[in-house]
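Below, chains carry the letters A, B, ... as their sequence lines are ordered, and counting in each starts from 1.
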Amino acid sequence: PMRLSRFHLPLLKETPGDAQIASHRLMLRGGMIRQQAAGIYAWLPLGHRVLKKIEQIVREEQNRAGAVEMLMPTIQPATLWHESGRYDAYGPEMLRITDRHDREMLYGPTNEEMITAIIRSGIKSYKALPQMLYHIQWKFRDEVRPRFGVMRGREFLMKDTYSFDVDAAGARKSYLKMFAAYLRTFGRMGLKAIPMRADTGPIGGDLSHEFIVLAETGESEVFVHKDLMDMSLPPADLDFDGDLEPLFEQWTSKYAATDEMHTPEEFEAIPEGERMNARGIEVGHIFYFGTKYSEPMNAYVEGPDGKSFIEMGSYGVGVSRLMGALIAAYHDEEGCKWPMAVAPFHVGLVNIKSGDADCDTASERLYAALEAQGVEVLYDETGDRAGEKFARMDLIGLPYILTIGPRGLKDGQVEVKSRATGEKENIPLDSVADVIAARVKDALAIS
RNA sequence: CGGGGCGUAGCGCAGCCUGGUAGCGCAUCUGUUUUGGGAACAGAGGGUCGCAGGUUCGAAUCCUGCCGCCCCGACCA
């Protein structure tokens, strides 16, 4: 709960010249981010709240799937990367740093090496496997060309999970858990993310998928079977330890590929009315890569048949990029239209005539009542003009905008506007807190 | 990394070609009148013109070098 006058919310009426796409434009105009260098952004209070909401949904679904949270540092020693051979292989995308003792360090672009080192020193027996660990941490990749604001930043927040299994069959199970968890994660945010087969590199097999949200401004071209658009999400009580093969089969039997994995003959075999050609944003990527790191880094377990290298997979979600994808999916000319699950506040409360004793009293009471019910409220108690207040609320895109003014108050009514539909209704002042609280709970319960 | 463009007040821009006291709109501050969907009027404040060097009596403007940022391509959570 927050009073607007105390919140740092620097809005821009005009669009900064360097923002080319809607999500970037609205994040700047809505006071969510400010650029500090090419591809590097400060997260202002409003943007930070959304980022934390996204992060929390990702976290809950990881936990549900049985992954365990930890936190690895952003700065890593180069020694680990020499072991895997990637220090030389990674190239200029990796930001290399030298410390005061002339030691080679780097700002982590990913964490396979570090987590492998941690596991190899912490696990000796095959009985300790499987394990799945994740963290949500800032990464840095010195992209040749950062662009589209937070969609392709150099610094970005990523959730990365790593799985460790005794054998390939176990690794497949871990992979399927993350596959299911990702479907739920993106679905809960209101995004339709479609898993698409991805390049598995030298490992081969069918165990790499990109999760792609369809959006006009997406960076990659995608080809999908229309049926995938109507697929329902795995339920909240999905048994992650049960058999996930049918679910995997259901989602992967229909054609879905990005341009680099696209096979036109196969796609054109689908009846024309069922084909879809669109653009998309990659919000997640899962890999099974076997012993690619465990072998060079000598991460093994002892089993009945002697020692074996640990079978690994890694699973990434672009948390900060998701915020851009969400705006791409939910906005109009006036501003953002946040789904309840990721909205920075659930409702905006507008006192349209602050200074008027009746309006002030009613607004303060409603503010307190909503807060008491756990509703997150941004309360505009400023003396600005009505038009500015409404435009501001539309721009930042909170799901409900409650307006208290002399006109409605005369009849004991509060105007409630849904940002998503634009519909307005009047609700009695003495019941509006209950009604709205119930709706917010409802919207959040869809998970 | 190739190609293109930009850098002037918090934001959006003009001025540069043709050198001569730094401009406009929005925002901000003060006052008055307003107040139910981005108010009106009056006044005010705010600038190392990206940085450095050069040419010139004089440089935002011309020349050289550097830095930063954006766009298009090749590459990627």
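Among the atoms of the strands shown, base atoms are found under 4.0 Å from some heavy atom of A:Lys417. Within 4.0 Å (heavy atoms only), A:Thr403 reaches at least one base atom of the nucleic acid. Backbone-only contact: A:Val317 has heavy atoms under 4.0 Å from sugar-phosphate atoms and none from a base. Residue A:Arg392 is out of contact with every strand shown, counting any heavy-atom pair closer than 4.0 Å. Using a 4.0 Å heavy-atom cutoff across all strands shown, A:Pro406 reaches at least one base atom of the nucleic acid. A:Gly408 comes within contact range of at least one nucleobase, with a heavy-atom separation under 4.0 Å. Nucleic acid contact for A:Gly153: base, since at least one base atom lies under 4.0 Å from a heavy atom of the residue.
Spacing of C1' atoms, B:G65 relative to B:U55, comes out at 15 Å, to the nearest Å. The P atoms of B:C16 and B:G50 are separated by 15 Å, rounded to the nearest whole Å. A distance of about 16 Å separates the C1' atoms of B:U34 and B:G38, rounded to the whole Å. Comparing the same atom, C1', in B:C49 and in B:A44 gives a spacing of 23 Å after rounding to whole Å. Of the C1' atoms belonging to B:G10 and B:G47, the separation is 12 Å, rounded to the nearest Å. A distance of about 16 Å separates the P atoms of B:A22 and B:C51, rounded to the whole Å. For B:A74 and B:C29, the P atoms lie 48 Å apart once the distance is rounded to whole Å. B:C41 and B:G25 are spaced 11 Å apart, taking the P atom of each and rounding to whole Å.
Closest-nucleotide positions on RNA chain B for A:Val283 and A:Gly149 were compared, and the one nearer the 5' end corresponds to A:Gly149. Of the two residues near RNA chain B, A:Leu12 and A:Gly316, the one whose nearest nucleotide lies more 5' is A:Leu12.
With a 4.5 Å cut-off on side-chain heavy atoms, A:Glu376 and A:His346 count as touching. Side-chain contact between A:Ile118 and A:Met72 is present, with heavy atoms from C-beta onward closer than 4.5 Å. Within the 4.5 Å cutoff, the side chain of A:Arg197 has heavy atoms near those of the A:Thr263 side chain.
Pairs of residues two or more places apart, or lying in two chains, never qualify as ring pair (Phe, Tyr, Trp, His ring centres under 6.0 Å) while including a residue from residues 311-343 of chain A.
Distance A:Tyr182 OH to B:A77 P: 11 Å, rounded to the nearest Å. Per the geometry, CG belonging to A:Leu409 stands 16 Å off P belonging to B:G36, to the nearest Å. The distance from atom CD of A:Glu381 to atom P of B:U35 is 22 Å, rounded to the nearest whole Å. Distance A:Ile21 CD1 to B:C70 C1': 13 Å, rounded to the nearest Å. In this structure, A:Phe186 places its CZ atom 12 Å from P of B:A77, rounding to the nearest Å. In this structure, A:Lys13 places its NZ atom 9 Å from P of B:C26, rounding to the nearest Å. Going from atom CD1 of A:Ile286 over to atom C1' of B:A77 covers 13 Å, rounded to whole Å. Distance A:Glu388 CD to B:U28 C1': 13 Å, rounded to the nearest Å.
For A:Met158, whose side chain is taken as the heavy atoms from C-beta onward, the closest listed nucleotide among B:G36, B:A77, B:C1 is B:A77. Taking the side chain of A:Ala391 as heavy atoms from C-beta on, and the options B:G37, B:C75, B:G38, the nearest nucleotide is B:G38.
Both the sub-6.0 Å distance and the 45° axial angle are satisfied by A:Arg49 relative to the ring of A:Phe345. Under the 6.0 Å distance and 45° angle rule, A:Arg96 counts as a cation-pi partner of A:Tyr87.
The ring of A:Tyr288 has its center no closer than 6.0 angstrom to the ring center of A:Tyr175. Remark: aromatic rings of A:Trp251 and A:Phe179 are distant, center separation not under 6.0 Å.
Between A:Leu46 and A:Gly30, the shortest heavy-atom contact is CD2-O, 3.5 Å.
Using a cut-off of 4.0 Å between Lys/Arg side-chain N and Asp/Glu carboxylate O, A:Glu334 and A:Arg419 are scored as not salt-bridged.
If you check distances only, the side chain of A:Lys424 does reach the base of B:G37 with a donor-acceptor pair under 3.5 Å. Residue A:Glu14 places a side-chain atom within donor-acceptor reach of the base of B:G25, judged by atom type and a 3.5 Å distance cut-off alone.
Taking 4.0 angstrom as the limit, A:Arg385 places none of its side-chain polar atoms (N or O) nearer than this to OP1 or OP2 of B:U35.
For the segment residues 393-402 of chain A, residues with any heavy atom less than 4.0 angstrom from an atom of RNA chain B are, sorted by number, A:Asp394. Contacts between residues 23-41 of chain A and RNA chain B, defined by a heavy-atom separation below 4.0 Å, involve A:Arg29, A:Gln35, A:Ala37, A:Ala38, listed by number.
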Query raised in the report: Should A:Glu245 and A:Arg172 be marked as a salt bridge (Lys or Arg N to Asp or Glu O under 4.0 Å) after you check the CA-CA gap, both sets of side-chain angles, and the distance that decides it?
Result: CA-CA 10 Å; A:Glu245 293 287 352; A:Arg172 183 176 174 89; 2.8 Å; yes
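To the nearest 0.5 Å, the span separating NE2 on A:His285 from CE on A:Met178 amounts to 15.0 Å.
A stacked arrangement is assigned to A:Phe156 and the six-membered base ring of B:A77, with a centre-to-centre distance below 5.5 Å and an interplanar angle below 30°.
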